[in-house]
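In what follows, a single structure is set out as structure tokens and then discussed.
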Amino acid sequence: MAIPSKFNASLVEEKWYAYWMEQKYFASTPDERESYSIVIPPPNVTGVLHMGHMLNNSLQDILIRRARMKGLNACWVPGTDHASIATEAKVVARLKEQGIDKNDLSREEFLKHAWEWTDEFGGVILQQLKKLGCSCDWDRTKFTLDSDMYESVIKVFVDLFNKGLIYRGYRMVNWDPEAQTTLSDEEVIFVEKPGFLYHIAYAVEASDEKVIIATTRPETLLGDTAVCIHPEDERYTHLKGKRVIVPIANRSIPIIEDEYVDREFGTGCLKVTPAHDINDKALGEKHQLEVIDIFNADATLNSFGLAYEGKDRFVVRKEIAKELDASGALVKQEPYNHNVGTSERTKAVIEPRLSDQWFLKMEDLAKPAIDAVLNSDEVNLVPSKFNNTYRHWMENIRDWNISRQLWWGQQIPAYYFGDAKEDFVVAETPEEALALAQKKSGNDALSSEDLRQDADVLDTWFSSWLWPISVFDGIRHPENDEINYYYPTQDLVTGPDILFFWVARMIISGYEYRKEQPFSNVYLTGLVRDEKGRKMSKQLGNSPDALKLIEDYGADAVRVGLMLSAAAGNDLLFDENLCQQGKNFANKIWNAYRLIDGWEVEDKASPNAQNAEALDWYENKFNATLSTIEDHFEKYRISDALMAVYKLLWDDFCSWLLEAVKPAYGSPIDVASLKRIKVLFENNLKLMHPFMPFLTEELWQHMGERSKEEALMISAWPKVGKVDQASLDAFELATKIVSGVRNFRKERNISHKEALQLYVVANADQVSYHALIKKMAGVEEIHWVEKAPEESGASFRVDTFECFIPLAGNVDAAAEKAKLEEELKYAKGFLQSVRKKLENERFVSNAPDKVIEMERKKEADALEKISVIEKSLATL
RNA sequence: GGGUGUUUAGCUCAGUUGGUUUAGAGCGCUACCUUGACAGGGUAGAGGUCGGGGGUUCGAAUCCCUCAACACCCACCA
């Protein structure tokens, strides 16, 4: 059967994926084997596969496939996240296109639209992961809003509330006026924006004097309830106890004193707006100031905005500046760059706002999670440099604002039954809530009609922080077989950008609800950047279409391309050339198979010398490499592991082994050698399979008739065999001789086809792999001699052995001499550097014996080499 | 402002507690070869005073100090 000379990925990928699925190879159920589980970082349900997903899911697939082959019960749980803000924003935008305003809909109507959207686009990303070859147990696919997952979240909320860890607080929060919801601190991105520092004069009451304050937000002066000076600022001492008039508003407010004021900044005089600035709020509380909130939820001004009511904050800023200028109150307006908080999702400028929110107390919860990473090593961050970042955040952790003013999410299970602040109960169901409310109010007549559930939903992360537990239903049924079997999971692969959002919180919930870490290792990938080092983004348009890449290069090639430059924790500069390299590699392996497959077989022939030598060596080399690969995997050096496989296959297997055993054209290979080669090739395929699942499965099936139970993906990972280091060293010497001869040919333009005679000044038993040297170097005969023959020819040196090749034609004596002299110069220089050390008494007396011994050996070798070169020079 | 980390060949990176030949890999580059697996191939080669300066040591890419550039995280002074 003719096999095409190029590997065509598109012809095999779908076939094998379907086959693996049919055979249920991805599925896992608890059994007597040891478990190995990974939970996927759930992508947004409406998301589309991008390079970051490709990277971390390739990594997860590599880990899970290897574990599976190692005989562990491997389980990779896939799923998606409802991503409350992002999804709700998309749904709102879509409704807007259809001419529907969210505010005109009831909660139920809106949720119906949101579910329609989810059903339509949701899970596309999971289908895309299949194209990449991901071996997830799809039967276990979870969605954070599935009813069981929803229930788990509610149960946890109620539990934490009952433990006194969740509380309701009137706090200043980050308000996104566009999404009209609260954001956690982590969702606020500070961006440096150009603005102005406005110097505004406030008239001192009952005086002609004015006091100048500096602000970047003149529009908030309508909410001012004090002006603050530093108590020891002599410039303002005379103003203590006086009052000033707020321009425009014409209100009288007090001058207060606080050391919070930085005397160096601006005018050293600060206006205080407790409703709209976190620091001002603190000042306001301290000095018991009035709070005037001037904004509506959409950041337009409310009735406190007076004439500006209904206008947007940024419009008002300009107009107020104008009005102040007109009245002479605007003293100065200088350009000033400052950091402005913006919403991660909507990019809107955040408005600090006071409102009722739900909070989770974090300090005590965080303690076991700090210990797990920093002391007990129950959770291991890879690379460990993130430990410091983790510590810093965890030790300064603040209470988590978990409520969001959205509809898409788990609705907070708090039920209000009266108007007083404490007239509410928290319960898993409305029925339980009613009972609790009746009890709390002492009013048995209270009916479900009288209960009003909190309108807010929970932060998305409040459901995903339970992910490793809830996917195994460990919240609702803490003793079920699955959670007991699969939890804790082993490895988590994700980006460092969600170390706090998600990873830290999962560790926290793990200890709170399972008394155990959720995973042992966290592999933190880097960001995928483009070849110029820029972050990939839609705006820049520099993010390649992930699916197009798979189409163009094949999934295996893209996986290899990504892994080649993906050291843990380091950003990777993605270059499409890497996919090309992956594709070339796939093709190389494909052709290695074609070669083996095309050989004629001779039943009777017994292995010739170089076949036996080469095969023995490769078995050895394979084991040595496997052992380093295992070491790389243990340290999560995945790209190093791949590189080791890459070199084993390309250099050792193809360039040395196959070239060595390749029969002459038209000649057959002996059956024994071929059999060994095939076994070795199959072992190679196993090592490559986690990286290139499709190609390897295809070739595995070509290797022979296989029954269904013999798919490569469930075959046994090779075990590290014995490594004979001396034999590997001997092979290396042989390859150096081969290289020497090749070099010799190249320098003199001697064709590879022309057979040469090789003289080596050595005993035959000092060098191994004679047959292999002859074949690979195109040498007809190796002569083991005591001294180079005195005839026309040229020499070269390998280690301390002199090699000589006679040449019938003219030898360029001058060129040979120059070359030898160059070599001599190097050897002498080297000798000198070694001797410098050895002649240093302090070195000899202080350095360990082993080091000195090594230096002496270097010296002896150099001396011998020098003498060999000098002898050669003399004969010229 | 505080913190963490990075800086080694043209590019992307290794270099494990300072010492196995005056630094390694992959890609790229150069020359040549190649009509019997693969031109997406082969063989060989060039290319680095390990960011600058100082120090410790018999010995430093590796440890210490200092400077510089870059990256990320945290906080945020109106």
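We name chains A, B, ... by the order of the sequence lines, and we start the count at 1 in each one. We use all heavy atoms of the structure for the numbers below, so side chains are in, but hydrogens, waters and symmetry mates are not.
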Pick the [atom1] atom in [N] and in [M], then give their distance to the nearest Å.
N     : M     : atom1 : result
B/C73 : B/C27 : C1'   : 32 Å
B/G15 : B/A9  : P     : 15 Å
B/G28 : B/G42 : P     : 11 Å
B/G1  : B/A75 : C1'   : 8 Å

[N] phosphate, OP1 or OP2, under 4.0 Å from [X] side-chain N/O:
X      : N     : value
A/N584 : B/G40 : no
A/R842 : B/C58 : yes
A/N743 : B/G45 : yes
A/N591 : B/G40 : no
A/R398 : B/A75 : yes

Counting only side-chain heavy atoms from C-beta out, which of B/G19, B/U43, B/C76 sits nearest to A/A847? B/G19
Starting the side chain at C-beta, find the nucleotide from B/C38, B/C74, B/A14 nearest to A/W393. B/C74
Across nucleotides 20-26 of chain B, 5' to 3', mark each nucleotide with B, S or - according to how protein heavy atoms within less than 4.0 Å reach it. SBB--SS
Stepwise side-chain contact (heavy atoms from CB on, under 4.5 Å) check, A/T735 with A/L772: CA-CA 9 Å; A/T735 63; A/L772 191 126; 5.6 Å; no
Is there a donor and acceptor pair closer than 3.5 Å between the side chain of A/K588 and the base of B/C38? yes
